Amino acid sequence: MNVVLDNAGDIALAFIYTLSLFVVAGVLSLIFGALLAAARVGPVAVLRKAAAVYVMLIRNTPLLIVIIFFRFAGPKIGLTFGFVDIRVADIRLNNLYAACAVGLIVYTSSFVCEALRSGINAVPLGQAEAARAIGLPFGGVMSQVIMPQAMRHALPPLASVQIALLKNTTVCGALGVFEAFARMRGLTNDFASARTEIFLAFALIFVVLVEVLSFVAYRLERRWRIA
Amino acid sequence: MATSVLFDAPGPKTVARHRAYTMAAYGGLLLVVAFIAWRLQQTGQFAYDLWEPVLTPSIIEVILVDGLLNTLKMAFSAIILAVVFGLVFGMGKLSDHAWVRWPCWLVVEFFRAVPVLLLMVFIFYQFGGVTNGDRGAYWSVVAALTLYNGSVLAEVFRAGLNAVPSGQAEAAYALGMRKSQVMTIVLLPQAVKIMLPSIISQCVVALKDTSLGYAIAAIGLSTVSRLVYIEYGNQLQVVAVVALLYISVNLVLTGIATWVQKKFVGEKNPIDLTRAGNMDGGQNTGGGI
């Protein structure tokens, strides 16, 4: 355990990167995914098609390839994210970080879109028909009747998308962001004899983070559930 | 289906408004496409010498044979082993004996929560992957994917066995069968039918995750593409081709899954896999694309 305790500061810093990637990509992918889902079920046929194509393409591409695109192919067409350079104490968010975060957002929002759409589709038809029968317009039908019920159905898949996102942040470690995966690899190279305990320490932290997320999702689900 | 019900049959004003929206959307999308094309043109990405490598037979052969074929092999080995792993641990979780149930539960929960990449690198360095060259990297990827996908499949098997109507097991017990007989003769054959679409969609997840072999330089599509674009400096073109390959293989798999679902299960999948905690979350939330 000594190796892990001696490097506790570095490990904590690595997990701050992991969590910051998770929060940034999580929030933005929820927003972007919701916009995509709106386009996917909205009345404009072109937007429906465009959103469907986006989801189909991104969902079938590995995350690694998506991030490689922003990380290595992006600069070739002038997409360098050079304007991103934020420093907070020991944490430095530079253009590599931005490219990886954008990759995560692009990838995750397609899954968020699908989760929301499956939630909307799970609302019984009669609900929308009844809402229309009492004269609600599209906006009213959505905000007053469909969305509140759809959110209830969409919560479990949304939660697993976000949990997947947390685990997916490790891919950024393979492409230059110094987060948990990169730190683990660095430590296992430096302290070859202590590989197992280093792995177990990182794995257990991930298990705890995932369990915390599942617990939050479970509590939300309980709170929103109707009788 | 629900989409058509969300809004009323539009009147003349709404039709005009929708037409305006459609026009605006067309305009917006065209602008985006035009901007991307302009950017590509400006930075000279259409130049033939950047596309030449991906059109050269010898390099296509490297991408398809060393890359795609190895990736498919990895995914295939991983899925076969994962099915076995999932079957063992899924049944273990349903065991009547607490000393079997709890360890199985612990193993499944652990491997589902740990990122595949951590697992892969750990296996690679700890269990002789480094010293065994390409074979070592290959089996490290397969082992990590087996543990992860096996754990997800264990949940699938458990849910599938639970989805068989309880009268089936009761009737089998009433006939005097033992638990092992009930499992193998009555429950499993019926459960497999329900689980097949989920297993095939898990293949998509496994196939996508083989790309993580990049981190330990396991020969596969992602690693090979890296070699090609480093050599020729045509990142954009290679990434486009590789993404296209992944997308087509995955679409074929998704098509098979949808077909199997229609043929054997029916419109709605009785097992809810939203909680199976996939690397890709919503992949298994039911329904096609």
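This one's a predicted model, so the numbers in the text were calculated from it and none came from an experiment.
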Checklist entry - B/Ala240: what forms a side-chain contact (heavy atoms from CB on, under 4.5 Å) with it, not counting sequence neighbours? => result none
Item to check | Face-on cation placement of B/Arg226 at B/Tyr214 ring, 6.0 Å and 45° thresholds | outcome: yes
Checklist entry - Roughly how far, to the nearest 0.5 Å, is OG of B/Ser140 from CD of B/Gln126? => result 11.5 Å
Checklist outcome for this item: Closest non-hydrogen atoms of B/Ile63 and B/Leu245, given as atom of the first, atom of the second and distance, are CG2-CD1, 3.8 Å
Next on the checklist: Using side-chain contact (heavy atoms from CB on, under 4.5 Å), reason through A/Cys113 and A/Tyr54 one step at a time and then give a plain yes or no.
Outcome noted: CA-CA 10 Å; A/Cys113 168; A/Tyr54 175 89; over 6 Å; no
Item to check | Between B/Val114, B/Val239, B/Leu221, B/Ile247, the one whose heavy-atom pairs under 4.5 Å with chain A are most numerous | outcome: B/Ile247
Next on the checklist: With chain B as the partner, which of A/Leu64, A/Leu47, A/Ile58 has the greatest number of non-hydrogen pairs under 4.5 Å?
Outcome noted: A/Leu64
Checklist entry - Side chain, backbone, both or neither: which part of A/Gln127 has a heavy atom under 4.5 Å from chain B? => result neither
Checklist entry - When the aromatic ring centroids of A/Phe202 and A/Phe15 are compared, is their separation below 6.0 Å? => result yes
Checklist outcome for this item: Applying a strict 4.5 Å limit to non-hydrogen atoms, the region of B/Leu29 in contact with chain A is side chain
Item to check | Residue, of A/Ala159, A/Pro62, A/Gly78, A/Ser214, that accumulates the most heavy atom pairs under 4.5 Å with chain B | outcome: A/Pro62
Next on the checklist: Could you work out, with side-chain contact (heavy atoms from CB on, under 4.5 Å) as the rule, every residue matching B/Thr43, not counting sequence neighbours?
Outcome noted: A/Ile77, B/Arg39, B/Gln45
Item to check | Proximal component of A/Leu209, with respect to chain B [non-hydrogen, under 4.5 Å] | outcome: neither
Item to check | Side chain, backbone, both or neither of B/Leu253 within contact of chain A (heavy atoms, under 4.5 Å) | outcome: neither
Item to check | Which atoms of B/Gln42 approach chain A - backbone, side chain, both or neither, heavy atom under 4.5 Å | outcome: neither
Checklist entry - Of the backbone (N, CA, C, O) and the side chain (C-beta and beyond), which part of A/Thr196 lies under 4.5 Å from a heavy atom of chain B, both, or neither? => result both
